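Below: one structure, written as structure tokens.
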Amino acid sequence: MLTQAVILVGGLGTRLGERTRDVPKPLLEVGGKPFLDHLLDEVSRYPTIQNILLLAGHRAEQVVERYDGKYRRRAAISVVCEPTQMGTGGAIKHAAAWLEPQ
């Protein structure tokens with residue numbers, strides 16, 4: 001049974017141009033709220049998910065401030081910040097200590 005969800009939120013969003021200069025891509029608004037809120041709402045609908053891990057890179061401090069230590073429904077949210085931009089594989093490897101064994 002899956003109890004943890006991992007969401008990569010570290011991309012630079014270079015194709016979005018100036019929009020991501022000051023705001024990380026997942027915090028850009030879609031339908032009046034950050035895109036990441038839509039993802040968290042959807043993931044937390046599943047009753048087995050108890051832990052949501054956000055792997056943050058670009059402008060990670062904004063993701064930490066908004067989500068770290070919070071809950072979405074009954075799922076606890078934790079944010080792991082990359083020390084440097086490492087790409088998808090590097091972000092997952094860096095977060096290995098926080099991943100639950102399956």
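Index from 1, following the sequence. Owing to the predicted nature of the structure, the values given are computational and were not obtained by experimental measurement.
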Exercise. Rounded to the nearest 0.5 Å, how far apart are CD of E29 and NZ of K33?
Worked result: 11.0 Å
Problem set entry | Flag side-chain contact, heavy atom, 4.5 Å: S44 against R74 | no
For this session: Decide yes or no for D37 and R66: does some side-chain heavy atom of the first lie under 4.5 Å from some side-chain heavy atom of the second?
Result: yes
Exercise. Which distance, rounded to the nearest 0.5 Å, do you find between the NZ of K70 and the CD1 of I77?
Worked result: 8.5 Å
Exercise. In terms of hydrophobic clustering (I, L, V, M, F, W, Y; side-chain heavy atoms under 4.5 Å; direct or indirect links), are Y71 and L2 co-clustered?
Worked result: no
Problem set entry | pair F35-L27: side-chain heavy atoms closer than 4.5 Å | no
For this session: Decide whether Y46 and L39 are clustered together by the hydrophobic rule: side chain heavy atoms of Ile, Leu, Val, Met, Phe, Trp, Tyr closer than 4.5 Å, transitively.
Result: yes
Seminar exercise, completed: In this structure, CD1 of I49 is separated from CE of M1 (nearest 0.5 Å) by 10.0 Å
Exercise. Roughly how far, to the nearest 0.5 Å, is the CG atom of L53 from the CD1 atom of I7?
Worked result: 9.0 Å
Problem set entry | Ionic contact status for R73 with D41, cut-off 4.0 Å | no
Exercise. Name the one of D68, V9, I52, L55 that satisfies side chain to side chain contact (heavy atoms under 4.5 Å, CB included) with V79?
Worked result: D68
Problem set entry | Spacing of R45 atom CZ and R72 atom CZ [to the nearest 0.5 Å] | 13.5 Å
Exercise. Heavy atoms, side chains only, cut-off 4.5 Å: are R59 and D22 in contact?
Worked result: yes
Problem set entry | L54: which of V80, V6, L40 passes side chain to side chain contact (heavy atoms under 4.5 Å, CB included) | L40
For this session: Answer yes or no: is there a side-chain heavy-atom contact under 4.5 Å between L28 and P34?
Result: no
